[in-house]
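Note on naming: letters A, B, ... go to the chains in the order of the sequence lines (proteins, then strands), and numbering restarts at 1 for each one. Remember, predicted model here, so these are calculated numbers, not experimental data.
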There are 2 protein chains.
Amino acid sequence: MPTATVLANRASTAWAINTESHVQAEATDGFAPLRQIGTVASFARNETIFNEGDAAEFSYKVVTGAVRLCKMLPDGRRQIANFFLPGDFFALGEDSEYSFTAEAVGDTTVVCYARKRIQGLCDELPGVRKELVSRLYRDLSAAQNHLVMLGRQTAKERVASFLLLLAKRHSATDGAMIDLPMGRQDIADYLGLTIETVCRALSDLKHCKLITTPNTHQAVLHDIEALHDICESEL
Amino acid sequence: MPTATVLANRASTAWAINTESHVQAEATDGFAPLRQIGTVASFARNETIFNEGDAAEFSYKVVTGAVRLCKMLPDGRRQIANFFLPGDFFALGEDSEYSFTAEAVGDTTVVCYARKRIQGLCDELPGVRKELVSRLYRDLSAAQNHLVMLGRQTAKERVASFLLLLAKRHSATDGAMIDLPMGRQDIADYLGLTIETVCRALSDLKHCKLITTPNTHQAVLHDIEALHDICESEL
DNA sequence: CGGATGGTTGATGCGTTTCAACAGAGGTGG
DNA sequence: CCACCTCTGTTGAAACGCATCAACCATCCG
């Protein structure tokens with residue numbers, strides 16, 4: 001299902017197809033010139049942004065909401081490779097087809113950039129090129145750390161690591177509240193666990209007074225230090 | 001342990017510190033200009049090429065042998081993020097410190113490239129730049145597929161996937177022999193399993209007549225199709 | 001030949017998954 | 001506005017897959 005499908009999908013919920021202009025400038029963002037070539041699109045909760053195998057014409061930036069990048073196995077098992085939050089770029093690759101599926105976690109708006117035009121900007125502007133390479137490194141690094149988590153950490157360690165990852169994004173300190181835009185099933189599929197195991201691990205952390213969860217989409221981290229300890233050697 | 005240590009390590013086994021000139025030109029390699037700036041180094045089996053946390057001054061290419069990229073957890077658990085075989089580049093990042101450790105799997109020779117000089121070539125030569133970005137994408141893509149394996153595949157599926165990965169590198173067809181330069185423990189740490197589980201999965205595959213192992217460092221794949229089936233839905 | 005290293009196989013235990021029941025939040029319609 | 005329904009999250013009990021522990025085997029090398 002190439003381009004046509006993607007565009008059809010998008011059209012169904014994408015209302016404001018306009019040049020991206022309203023977004024505030026981000027301090028030292030080498031991608032600033034992309035502002036000129038982006039178009040905005042919106043997706044409803046759980047809607048597909050692109051499917052594995054679709055012709056890859058666009059790269060994206062999250063404006064609001066959250067996106068999950070995932071792969072389905074034929075029998076229904078799912079692995080989420082990454083979550084993207086506002087400000088994150090995704091699908092920056094150069095393959096002719098997407099190798100993963102991207103879906104909106106909640107109602108989400110993104111900016112779409114035609115890859116050809118990104119390519120053009122890269123050739124002209126060293127700043128854009130460097131920013132792209134730098135973001136690629138970060139993605140690679142994130143994926144490699146994710147590998148360690150999936151390969152060698154226990155369930156409790158993975159959940160603690162996940163909370164700390166989010167905390168780092170929020171620059172959260174002890175006592176800070178962090179948002180969990182994704183549901184428990186999404187967390188499970190990111191951590192390579194089942195939803196029940198994620199729940200149990202969270203309950204454990206609650207009983208240890210390390211976190212509290214005012215509601216299912218927020219968490220308060222009371223002892224980041226202790227969470228770190230859990231990640232590095234099971235207690 | 002910054003530079004000094006790395007160089008000390010290298011000096012212990014690196015004899016031929018010469019400009020890389022003998023290596024045959026690889027057809028359409030955008031990295032050809034790197035030939036001018038590389039120096040050769042050799043490492044004995046299990047020797048460290050660089051440690052996590054070392055100052056990252058060099059990027060590398062494998063000439064002969066194999067390299068594992070891994071991370072140790074404080075309690076001794078180890079995860080291997082990737083293996084690099086002859087022709088592969090590694091440590092192409094731009095962080096000031098390596099975030100993983102690289103070790104020689106067997107006796108190995110590599111070419112070292114000062115990152116500064118790679119950077120210089122990237123700025124001058126679009127071909128080098130594009131090759132670098134392209135290799136980064138491939139690494140990212142490999143890591144993401146690895147994630148699916150660790151997060152959602154069973155032991156048998158992982159081992160079959162691993163064999164197929166190697167087969168793809170060899171462009172192997174049915175009946176072809178593939179090399180396993182790494183030991184069982186390395187395979188286990190790559191797949192997020194124990195050495196015993198890897199052995200058992202291999203034995204299973206042998207009993208199913210899908211593979212034979214003339215010795216521990218080689219395997220013959222008799223039915224690649226069937227191995228694919230195992231990866232995608234447990235039989 | 002003898003010890004060391006790496007690999008294989010078997011028996012048991014544990015952590016996670018699976019299956020099942022229930023609880024809470026959110027949305028819809030009477 | 002409340003009853004009802006659905007969807008998501010939580011908790012418990014049982015089953016299963018992989019890890020652990022242990023013994024044994026093969027190969028290499030002094």
Side-chain angles (χ1 to χ4, degrees), chain A residues 44-46 68 73 75-79 105-107 149-163 180-207 211-219 230 233-235, chain B residues 44-46 66 68 73 75-79 103 105-107 149-162 180-208 211-219 230 233-235:
Chain A
R45 180 175 129 87
N46 290 328
R68 58 177 176 253
L73 299 188
D75 64 352
R77 285 174 288 180
R78 185 179 71 156
Q79 177 64 40
V105 167
D107 293 349
M149 207 162 78
L150 296 189
R152 290 301 180 207
Q153 289 191 295
T154 66
K156 195 170 173 184
E157 288 168 347
R158 293 184 209 188
V159 170
S161 297
F162 180 70
L163 292 174
L180 306 168
M182 65 295 289
R184 296 290 187 266
Q185 184 63 61
D186 287 335
I187 297 176
D189 287 342
Y190 179 83
L191 297 178
L193 299 169
T194 60
I195 186 172
E196 295 95 332
T197 302
V198 171
C199 274
R200 281 185 247 270
L202 285 172
S203 297
D204 267 16
L205 295 177
K206 280 185 243 174
H207 292 139
I211 66 169
T212 47
T213 54
N215 63 67
T216 57
H217 289 288
Q218 294 188 305
I230 288 177
S233 59
E234 186 74 356
L235 298 180
Chain B
R45 179 176 131 88
N46 290 328
R68 59 178 176 250
L73 298 188
D75 63 354
R77 285 175 286 182
R78 186 179 72 156
Q79 176 65 40
E103 298 167 335
V105 167
D107 294 348
M149 206 161 80
L150 295 190
R152 289 301 179 209
Q153 289 190 294
T154 65
K156 195 171 173 183
E157 288 168 348
R158 293 183 210 188
V159 171
S161 297
F162 180 70
L180 306 168
M182 66 294 291
R184 296 291 187 264
Q185 184 63 60
D186 286 335
I187 298 176
D189 287 342
Y190 179 83
L191 298 178
L193 299 169
T194 60
I195 187 173
E196 293 95 332
T197 302
V198 170
C199 274
R200 281 186 245 271
L202 285 172
S203 298
D204 268 16
L205 295 176
K206 279 185 243 174
H207 292 139
C208 299
I211 67 170
T212 47
T213 54
N215 61 67
T216 57
H217 289 288
Q218 294 189 304
I230 288 177
S233 57
E234 186 74 356
L235 297 180

Compare every heavy atom of [Y] with every heavy atom of [X], then report the nearest pair and how far apart it is.
X      : Y      : value
B/S161 : B/Q153 : OG-OE1, 3.2 Å
A/A188 : A/I195 : CB-N, 3.6 Å
A/Y190 : A/L150 : O-CD2, 3.7 Å

What is the separation between atom CD1 on B/I187 and atom C1' on C/dG6, rounded to the nearest whole Å?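 Interatomic distance, CD1 of B/I187 to C1' of C/dG6: 12 Å.
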
How far does the helix from C/dC1-D/dG30 to C/dG30-D/dC1 bend, going by the axes of its first and last five pairs, to the nearest 10°?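 Between the first-five-pair axis and the last-five-pair axis there is 30°.
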
Could you go step by step and tell me if B/L205 and B/K156 meet the side chain to side chain contact (heavy atoms under 4.5 Å, CB included) rule? CA-CA 8 Å; B/L205 295 176; B/K156 195 171 173 183; 4.2 Å; yes

For a quick check, with a 4.0 angstrom heavy-atom cut-off, what is the B/S/- contact string for nucleotides 12-30 of chain D, read 5' to 3'? BB----SSBB---------

Going through the checks in order, is the side chain to side chain contact (heavy atoms under 4.5 Å, CB included) test met by A/D186 and A/R78? CA-CA 9 Å; A/D186 287 335; A/R78 185 179 71 156; 2.7 Å; yes

Once side chain to side chain contact (heavy atoms under 4.5 Å, CB included) is applied, do any residues pair with [X], and if so which ones, sequence neighbours excluded?
X      : result
B/E196 : B/T194, B/R200
A/A201 : A/V159
B/T213 : B/K206, B/I211, B/A219

Carefully, step by step, assess A/Q185 and A/V198 under the rule side chain to side chain contact (heavy atoms under 4.5 Å, CB included). CA-CA 8 Å; A/Q185 184 63 61; A/V198 171; over 6 Å; no

Between the side chain of B/R68 and the main-chain N/O of B/E103, is any donor-acceptor distance below 3.5 Å?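 Side chain of B/R68 to backbone of B/E103, a donor-acceptor pair under 3.5 Å: no, none is there.
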
Give me, pair by pair, the N or O atoms of the protein and of nucleotides 6-9 of chain D that are less than 3.5 Å apart, along with how far apart they are.
{"unit_1": "D/dT8", "atom_1": "OP1", "unit_2": "A/R45", "atom_2": "NH2", "d": "3.0"}
{"unit_1": "D/dG9", "atom_1": "OP1", "unit_2": "A/R184", "atom_2": "N", "d": "3.0"}
{"unit_1": "D/dG9", "atom_1": "OP2", "unit_2": "A/R184", "atom_2": "N", "d": "3.3"}

